[in-house]
Protein chains: 2
Amino acid sequence: MKGKIFIIEDEASIVQLVQHNLEKEGFVVSSSLNGNEGLKELKKFEPNLLLLDWMLPDLSGIDICKNIRRDSNFKSLPIIMLTAKGEEEDKIKGLESGVDDYITKPFSFNELSARIKAVLRRSDPNIVANNLTFEDLKLDRIEKRVFRSDKEIQLGPTEFRLLEFFLTNPKRVYSRDQILETVWPNNVNVESRTIDVHIRRLRQSINIEGKKELIRTVRASGYSLI
Amino acid sequence: MKGKIFIIEDEASIVQLVQHNLEKEGFVVSSSLNGNEGLKELKKFEPNLLLLDWMLPDLSGIDICKNIRRDSNFKSLPIIMLTAKGEEEDKIKGLESGVDDYITKPFSFNELSARIKAVLRRSDPNIVANNLTFEDLKLDRIEKRVFRSDKEIQLGPTEFRLLEFFLTNPKRVYSRDQILETVWPNNVNVESRTIDVHIRRLRQSINIEGKKELIRTVRASGYSLI
DNA sequence: TCTTAATGTTACAGAAATATTACAAATTAA
DNA sequence: TTAATTTGTAATATTTCTGTAACATTAAGA
């Protein structure tokens with residue numbers, strides 16, 4: 001079950017793109033191109049999350065934000081702010097305007113989607129999948145814990161992300177490049193062979209008590225979760 | 001379900017040929033004969049892949065490429081570059097202009113089609129068929145697995161590619177040269193007889209438990225999948 | 001049947017890909 | 001700050017794959 005998202009943003013092209021893609025992901029989406037109306041519609045729509053432009057023709061994003069926070073029904077509505085580059089990100093960040101996250105335009109939809117899910121995961125865990133499982137492997141994204149056959153496993157941050165990645169698409173083979181792109185922070189340059197080492201570390205951690213190997217090496221192609 | 005492909009290429013005859021054939025394969029295709037307009041239309045069209053001419057009357061392919069890579073919404077749009085022979089292929093190859101693949105004119109539609117699918121398979125796996133079957137043989141391109149009568153078969157990389165190749169056109173006889181060209185990485189020189197050995201290895205792997213031979217030798221011509 | 005060209009089979013050495021280990025630098029926790 | 005953990009890489013070990021050559025077998029025409 002997916003949630004409802006409301007967008008207040010005056011650039012129609014952005015709204016269109018984001019709305020379309022979010023709907024494709026199963027969210028129910030509604031939007032408004034200006035602040036005052038948006039505020040009203042939003043309260044009727046009762047979304048699980050709001051995407052809010054920082055600079056609007058009528059009301060500023062921060063005013064909307066304050067308005068929302070004053071309304072007891074929406075006090076805890078998660079808000080992700082959309083800001084243009086240079087629009088004093090620091091202020092937004094520092095100024096605790098009650099924003100849950102913000103993203104700088106231009107952004108890729110994937111990045112936005114990831115942030116939306118991250119925020120929803122905290123605020124409204126039922127909307128977003130928080131547990132990934134495969135066979136006797138379980139990963140809890142909220143608590144950041146991993147279990148194999150109900151026995152907890154300790155993983156470093158990178159191994160955690162790596163396993164999380166494999167769990168989103170079990171059985172599928174990923175090349176080292178694909179793994180790098182997705183698991184490592186953008187623009188980080190790491191040797192492709194480095195992945196082998198992390199695979200080894202992950203293997204070592206999750207293959208407890210002689211249980212069966214869960215990571216498959218596919219020569220010349222990459223790795224997969226069995 | 002097939003995806004959307006956009007073409008920017010000034011030779012109308014090429015556009016026509018490619019567009020027509022791609023549509024026949026089920027793709028939704030749109031095109032433009034020049035760079036600047038193409039760039040605009042492309043962004044409206046939101047394709048899953050772009051075929052881009054290297055030499056255009058107004059903008060060079062590489063400029064378009066850069067423009068696209070700067071636009072966060074299209075940063076990861078797969079691009080296949082179309083180049084005339086002699087147009088410094090090396091540069092395109094080396095110069096990491098963010099191109100996913102390139103093909104030299106004149107090309108056969110089949111070759112283009114194969115490359116398009118290969119690229120889409122990485123970027124957008126749901127668009128392309130990922131399973132090849134023939135009789136009781138099954139090959140899964142995503143999981144990189146091969147089955148005969150539901151029993152998994154272990155193949156080395158080359159044998160996998162070889163079988164994949166045969167499965168795209170069962171019953172058709174391929175000469176050793178054709179096999180070499182398609183299955184082996186470009187510019188690799190291998191003895192033609194080497195194929196015999198790989199055929200043997202493939203045969204040995206897929207003919208389990210006395211099941212019937214699936215690879216046919218056509219004397220003086222080559223091999224085929226029955 | 002003999003001859004010959006084409007294909008099948010085998011074994012093996014070198015190449016290529018992956019696994020493993022150790023370690024120093026970077027990061028985080030105490 | 002110091003200690004502990006985590007990371008990336010390089011060096012080394014191990015495994016698996018590849019291509020080829022040498023020899024065996026088969027098919028087809030003379």
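Each chain gets a letter, A, B and so on, in the order its sequence line appears, and its residues count up from 1.
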- prompt: Can you check whether Thr217(A) has a side-chain N or O nearer than 4.0 Å to OP1 or OP2 of dT18(C)?
  reply: no
task: Examine the base of dA19(C) for any acceptor or donor lying under 3.5 Å from a partner atom in the side chain of Arg200(A), and report the outcome as yes or no.
output: no
message: How many whole angstroms separate atom CD1 of Ile215(A) from atom P of dT20(C)?
response: 12 Å
message: What contact category does Arg176(A) fall into here, base, sugar-phosphate, or nothing, at under 4.0 angstrom with non-hydrogen atoms?
response: sugar-phosphate
Pair Asn130(A), Lys117(A): side-chain N/O donor-acceptor within cut-off below 3.5 Å: no
Minimum-distance nucleotide to Arg193(A) side chain [options: dT18(C), dT9(D), dT18(D)]: dT18(C)
- prompt: Is there a donor N/O on one and an acceptor N/O on the other, under 3.5 Å, for the side chain of Arg201(A) and the base of dG8(D)?
  reply: yes
- request: Among Arg69(B), Arg121(B), Arg115(B), find the residue that satisfies the salt bridge (charged side-chain N to carboxylate O under 4.0 Å, His left out) test when tested with Asp100(B).
  value: Arg69(B)
task: Figure out the CD1/P separation between Ile195(B) and dA6(C), and round it to whole Å.
output: 15 Å
- prompt: Whole Å only: how far is the CD atom of Glu191(A) from the P atom of dA17(C)?
  reply: 14 Å
query: Between atom CD in Gln154(A) and atom P in dA4(D), what is the gap in whole Å?
result: 17 Å
- request: Just call it for Thr194(A): base, sugar-phosphate, or nothing, with non-hydrogen atoms closer than 4.0 Å on any strand.
  value: base
message: Under 4.0 Å from OP1 or OP2 of dG19(D): is there any side-chain N or O of Trp184(B) that close?
response: yes
- prompt: Can Glu25(B) and Ser113(B) be counted as having a side-chain donor-acceptor contact under 3.5 angstrom?
  reply: yes
- prompt: How close or far is atom C1' of dG19(D) from atom CZ of Arg161(B), stated in whole angstroms?
  reply: 13 Å
- prompt: Can you tell me how far C1' of dT9(C) sits from NE2 of His198(B), to the nearest Å?
  reply: 14 Å
task: Name the closest nucleotide to the Arg219(B) side chain, picking from dT20(D), dT26(D), dT18(C).
output: dT26(D)
message: Measure CZ/Arg216(A) against C1'/dT18(C) and give the value in whole Å, please.
response: 15 Å
field: Given DNA chain C, 5'-ward residue of the pair Arg203(B) and Asp196(A), judged by closest heavy atom
entry: Arg203(B)
message: Could you tell me if Arg203(B) and Thr217(B) have a donor-acceptor pair between their side chains, going purely by distance under 3.5 Å?
response: yes
message: Checking side-chain polar atoms at under 3.5 Å, does Arg145(B) have a donor or acceptor matched by the opposite partner on Ser224(A)?
response: no
message: If I take atom CD in residue Gln204(B) and atom P in nucleotide dA11(C), what distance separates them, rounded to the nearest angstrom?
response: 11 Å
- prompt: So what does Tyr223(B) touch, heavy atoms closer than 4.0 Å: a base, only the sugar-phosphate, or nothing?
  reply: sugar-phosphate
